Amino acid sequence: MVVASPLAAHLLVAALLFAIGLAGALTRRNAILVLIGIELMLNAANLNFIAFWRYGPHPEALTGMMFAIFSIAVAAAEAAVGLGLVIQIYRHARTTDLDQMNRMKG
Amino acid sequence: MSFVFYLIAALTLAGGLAAVLLRNTVHCALALTVAFAGLALLFLGLDAQFAGFAQILIYIGAVAILVVFAILLTRSSETMQEGVFSKSWFAGLVIAAGVFAVLGWAVLESAHALPFETAAPRVTVRDIGNALVGRYVLPLEIVALLLTAATIGAVIVALHEKERAR
């Protein structure tokens, strides 16, 4: 394998996961699948934080770890509000197809 | 890098790909759970035990269940007739490929400068707890407030408004 550094290997995995999530968020029709893509991107960022914390110069300072923990908490809040919004939009428009939600007026 | 890392990374990426590509939405949610579990294993492999178990608890325990509930409440499991991908899927794919090309190029270009295997950090959950109530107590309080507001907000947003209909 060309990548000898474990940090680079983790960063590549995170980049690939981020690209997969971005592709999902940009190409799927269903609003819930778009949220799933966003969750994948957030998780890829968390993997970056943890990898940099582990191989950084001062892991005992816990900076990257704390950032990842707070990021997980914010992502959980985002998921709850986002899915609540999707449910409300479904009640209103009877669909979760994003291509049909092309107007601001209800 | 060890064989175990490649195995877990392949599992995670396969889960992520399946979550994005599968037609049935419930299968997508299950594949997402596999991706979350793989990420938790990656965290454990990086000596971040607390983050790994928090990942399992929060993502597999809460977020994946929330996604399944949302899918069942909106009847998204019935596959759409016009296909599952949007009209502008090609542009989205090109953008994602471009982003990955830039990120991968940046990592590979700087790979020789990145650190190699270092000693495992001696960090216990006690240290994390001390840091949370010591140096990071203000962010902790803000996150607590945010989670409370998000919970109330999600309930209010998803609440069925029967009073207005009457």
Side-chain angles (χ1 to χ4, degrees), chain A residues 1 3-13 15-24 26-30 32-33 35-37 39-40 43 46-47 50-51 53-55 59-60 62 65-66 68-70 72-74 76-77 79-81 83-88 90-91 96-99, chain B residues 1 5 9 12-13 16-17 19-20 25 28 32 35-36 39 42-43 46-48 51 54-55 58 62-63 66-67 70-71 73-74 76 80 84-87 89 92-93 95-96 99-100 103-104 107 111 114-118 121 123 127-128 131 136 139 143 146-147 150-151 153-154 157-158:
Chain A
M1 190 71 190
V3 184
S5 163
L7 177 55
H10 281 95
L11 293 185
L12 275 181
V13 171
L16 202 52
L17 198 65
F18 185 89
I20 290 172
L22 185 62
L26 289 178
T27 57
R28 291 300 292 241
R29 261 170 189 279
N30 193 322
I32 295 173
L33 269 298
L35 276 174
I36 285 180
E39 289 296 327
L40 282 177
N43 271 286
N46 279 346
L47 181 56
I50 298 279
W53 165 77
R54 169 67 174 77
Y55 296 105
E60 67 281 350
L62 282 172
M65 176 75 110
M66 284 298 153
I69 289 170
F70 285 120
I72 288 175
V74 173
V81 176
L83 291 170
L85 281 174
V86 169
I87 290 172
Q88 190 62 23
Y90 174 76
R91 283 215 192 101
T96 52
D97 188 343
L98 290 176
D99 279 355
Chain B
M1 291 307 295
F5 168 76
T12 310
L13 293 173
L17 263 180
V20 165
T25 322
C28 292
L32 182 73
F36 285 160
L39 273 161
L42 281 178
F43 288 178
L46 284 166
D47 300 305
Q55 170 89 6
I58 296 173
V63 173
L66 258 180
V67 168
I71 288 171
L73 280 174
T74 58
S76 306
M80 298 175 191
V84 292
F85 292 104
S86 97
K87 276 176 275 187
W89 63 274
L93 208 61
I95 292 171
V99 167
F100 175 67
L103 287 176
V107 171
L114 293 175
F116 279 75
E117 201 65 61
T118 53
V123 172
D127 295 331
I128 296 173
Y136 298 97
V143 160
L146 172 81
L147 284 175
T151 316
V157 162

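Predicted model only: the values in this text are computed from it and were never measured. The chains referred to below are lettered A, B, ... by the order of the sequence lines, with proteins before strands, and numbering in each begins at 1.
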So, for [X] and [Y], which heavy atoms are closest and what is the spacing to 0.1 Å?
| X | Y | value |
| --- | --- | --- |
| A:Ala19 | B:Ala96 | O-CB, 3.6 Å |
| A:Met65 | B:Ala51 | SD-CB, 3.9 Å |
| B:Gly104 | A:Leu12 | CA-CD2, 4.0 Å |
| B:Thr74 | A:Tyr90 | O-CE1, 3.2 Å |
| B:Leu103 | A:Ala15 | CB-CB, 3.8 Å |
| B:Val143 | A:Ala73 | CG1-CB, 3.6 Å |

Measure distances from [X] to the heavy atoms of chain B and classify the residue's part below 4.5 Å as side chain, backbone, both or neither.
| X | answer |
| --- | --- |
| A:Ala80 | both |
| A:Leu16 | both |
| A:Ile72 | both |

_side-chain contact (heavy atoms from CB on, under 4.5 Å), paired with B:Leu39, selected from A:Ile50, A:Asn46, A:Leu17_ = A:Leu17
*Under the side chain to side chain donor-acceptor pair (under 3.5 Å) rule, collect the residues that match up with A:Arg54, sequence neighbours excluded.*
B:Asp47, B:Thr118
Find out whether [X] and [Y] are in side-chain contact, i.e. whether some heavy atom of one side chain is under 4.5 Å from a heavy atom of the other.
| X | Y | answer |
| --- | --- | --- |
| B:Ile128 | A:Ile69 | yes |
| A:Leu33 | B:Val20 | no |
| A:His10 | B:Phe5 | yes |
| A:Ile20 | B:Phe100 | no |
| B:Gln55 | A:Asn43 | yes |

*asked:* Run B:Val67 and A:Leu35 through side-chain contact (heavy atoms from CB on, under 4.5 Å) and show every step you take.
replied: CA-CA 9 Å; B:Val67 168; A:Leu35 276 174; over 6 Å; no
Heavy-atom cut-off 4.5 Å, strictly under: side chain, backbone, both or neither for [X] against chain A?
| X | answer |
| --- | --- |
| B:Leu13 | both |
| B:Ala35 | side chain |
| B:Leu66 | both |
| B:Val99 | side chain |

_Winner by heavy-atom pair count (cut-off under 4.5 Å) against chain B, out of A:Val81, A:Ile36, A:Leu11_ = A:Ile36
_Pick from B:Val63, B:Thr151, B:Leu93 with the largest number of heavy-atom pairs that fall under 4.5 Å of chain A_ = B:Val63
_ring pair (Phe, Tyr, Trp, His ring centres under 6.0 Å) partners of A:Phe18, counting only residues at least two apart_ = none
_Can you tell me how far apart CG (B:Leu73) and CG (A:Leu83) are? Round to the nearest 0.5 Å._
10.0 Å
*asked:* Does the structure place the NZ or CZ of A:Arg28 under 6.0 Å from the centre of the six-membered ring of B:Phe85, at an angle of no more than 45° from the ring's axis?
replied: yes
